Colleague: 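There's a structure below that I have some questions on.
All values reported here derive from a predicted model rather than from experimental measurement.
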Amino acid sequence: MQTPALPDLAHTAAKPMHWLATAAAMAGVVALAGLLQPRTATATATAPEQRTTTQHGAPAPAPDPAGVEFPLECGGAGTTVAKKASGDLDGDGRPEIVAVVHCAAGSGTPPGGIYVLTQGSGAAPRVVATLVDPADRKTVGDFAVRDGVVSATLLGYSSLDVPRCCPDQEEQASWRWKGQAFVRTSGDLARSV
């Protein structure tokens, strides 16, 4: 048997005291990290959001997508609201909700849709626009609503030979309300990823 050229390393024969000291040091680091948290963030509403109030002076709530019937064919699997954001998209002083929705698949990357919801006073929330149709077989990556613009990264496939787990195309898209409809204002070309 050949003997090693290096002496035994200290950690190969660690005693319980070494482990106890390591655990105490880690607990100290975690406790210190808990004390050094950043201050909570605050946000201020833009002018259109500030003027939208209920009878009691509180801001008008954005519609809740829970329970909304989305125009998405899932074969009985149900739907999942993966992402949502609110904002006054049409300038009427009431917030709308933009929801990214897909079928509640147990695994994989089902195609998604982007829907705009509104709610009149006393009425139930309803879908008023489809920005991305699930029939287009796109998956929604990054997604945001800012200053009346909906923006999203759309992931897709160049052919049926590309595995559904691994989209090979990426497209940046954005929509803005103009007149009576949402108009796509950018992202007409797809690019490979």
Side-chain angles (χ1 to χ4, degrees), residues 45-46 48-49 52 59-193:
T46 60
E49 293 170 290
T52 305
D64 183 5
V68 171
E69 191 73 30
F70 292 97
L72 183 61
E73 192 61 43
C74 293
T79 58
T80 297
V81 176
K83 302 172 187 177
K84 63 183 179 178
S86 66
D88 183 6
L89 301 175
D90 58 3
D92 68 352
R94 300 183 69 87
E96 286 80 30
I97 280 282
V98 182
V100 176
V101 183
H102 61 77
C103 291
S107 63
T109 52
I114 300 179
Y115 303 99
V116 179
L117 286 72
T118 190
Q119 182 174 8
S121 55
R126 62 188 173 89
V127 175
V128 293
T130 300
L131 303 180
V132 174
D133 190 334
D136 296 336
R137 307 195 59 71
K138 301 284 186 181
T139 303
V140 180
D142 292 335
F143 163 76
V145 175
R146 285 187 198 95
D147 300 323
V149 176
V150 178
S151 59
T153 301
L154 305 177
L155 306 173
Y157 307 92
S158 59
S159 73
L160 292 175
D161 295 332
V162 177
R164 297 297 113 182
C165 68
C166 311
D168 64 340
Q169 291 185 331
E170 180 180 299
E171 180 180 1
Q172 301 300 318
S174 61
W175 298 263
R176 179 182 294 276
W177 180 259
K178 291 193 179 179
Q180 300 295 315
F182 284 95
V183 176
R184 189 171 177 158
T185 56
S186 66
D188 294 327
L189 300 176
R191 62 182 175 135
S192 294
V193 288

Colleague: Got a second to check how far Asp136's CG is from Leu131's CG, nearest 0.5 Å?
Modeller: 11.5 Å
Colleague: ring-ring contact (aromatic ring centres under 6.0 Å, His included) with Phe182: which residues, sequence neighbours excluded?
Modeller: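 Residues passing ring-ring contact (aromatic ring centres under 6.0 Å, His included) with Phe182: Trp177.
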Colleague: Mark yes or no for whether Asp88, through its side chain, and Gly91, through its backbone, hold a donor-acceptor pair below 3.5 Å.
Modeller: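 Between the backbone of Gly91 and the side chain of Asp88 there is a qualifying donor-acceptor contact (under 3.5 Å).
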Colleague: With sequence neighbours excluded, what pairs up with Ala85 under the side-chain contact (heavy atoms from CB on, under 4.5 Å) test?
Modeller: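 Checked Ala85 against side-chain contact (heavy atoms from CB on, under 4.5 Å); matches are Phe143, Val145.
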Colleague: Please identify each residue that fulfils side-chain contact (heavy atoms from CB on, under 4.5 Å) with Ala144, with sequence neighbours left out.
Modeller: Arg146, Ser151
Colleague: Taking side-chain contact (heavy atoms from CB on, under 4.5 Å) as the test, write out the residues that go with Pro111, two or more places apart.
Modeller: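 Testing Pro111 for side-chain contact (heavy atoms from CB on, under 4.5 Å), a comparison that skips the adjacent residues, returns Arg137.
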Colleague: Side-chain donor-acceptor pairs under 3.5 Å in residues 60-84, sequence neighbours left out?
Modeller:
unit_1 : atom_1 : unit_2 : atom_2 : d
Asp64  : OD1    : Ala66  : N      : 3.2
Lys83  : NZ     : Gly141 : O      : 2.2

Colleague: Please give me the minimum heavy-atom distance between Ser158 and Val162, naming the atom from each residue.
Modeller: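 What the structure gives for the nearest pair is OG-CG2, 3.6 Å.
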Colleague: Can you run down the ring pair (Phe, Tyr, Trp, His ring centres under 6.0 Å) pairs that involve residues 83-102, sequence neighbours left out, and say none if there aren't any?
Modeller: none
Colleague: Applying disulfide (SG to SG under 2.5 Å), which residue pairs with at least one partner in residues 134-180 are found, sequence neighbours left out?
Modeller: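 Found none.
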Colleague: Please, which pairs that meet disulfide (SG to SG under 2.5 Å) have at least one residue in residues 110-150, sequence neighbours excluded?
Modeller: none
Colleague: Please find the pair of heavy atoms, one from Leu117 and one from Ala99, that lie closest to each other, and give the distance.
Modeller: CD1-CB, 4.3 Å
Colleague: How long is the straight-line distance from NZ of Lys138 back to CD of Glu170, given to the nearest 0.5 Å?
Modeller: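 Those atoms lie 10.5 Å apart.
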Colleague: Return the CG to CD1 distance between Leu154 and Ile114, rounded to the nearest 0.5 Å.
Modeller: 5.5 Å
Colleague: What pairs with Asp142 under side-chain contact (heavy atoms from CB on, under 4.5 Å), at least two apart in sequence or on another chain?
Modeller: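 Scan of Asp142 (side-chain contact (heavy atoms from CB on, under 4.5 Å), adjacent residues dropped) gives Thr153.
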Colleague: Is there side-chain contact between Asp168 and Tyr157, with at least one heavy-atom pair below 4.5 Å?
Modeller: yes
Colleague: Tell me if a side-chain donor or acceptor on Glu96 pairs with a main-chain N or O of Leu89 at a distance below 3.5 Å.
Modeller: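 Yes; judged by distance alone, with no hydrogens or angles, the pair exists.
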Colleague: Between Ser159 (side chain) and Asp161 (backbone), is there a donor-acceptor pair under 3.5 Å?
Modeller: yes
Colleague: Tell me, with the steps shown, if Tyr115 and Val98 meet side chain to side chain contact (heavy atoms under 4.5 Å, CB included).
Modeller: CA-CA 6 Å; Tyr115 303 99; Val98 182; over 6 Å; no
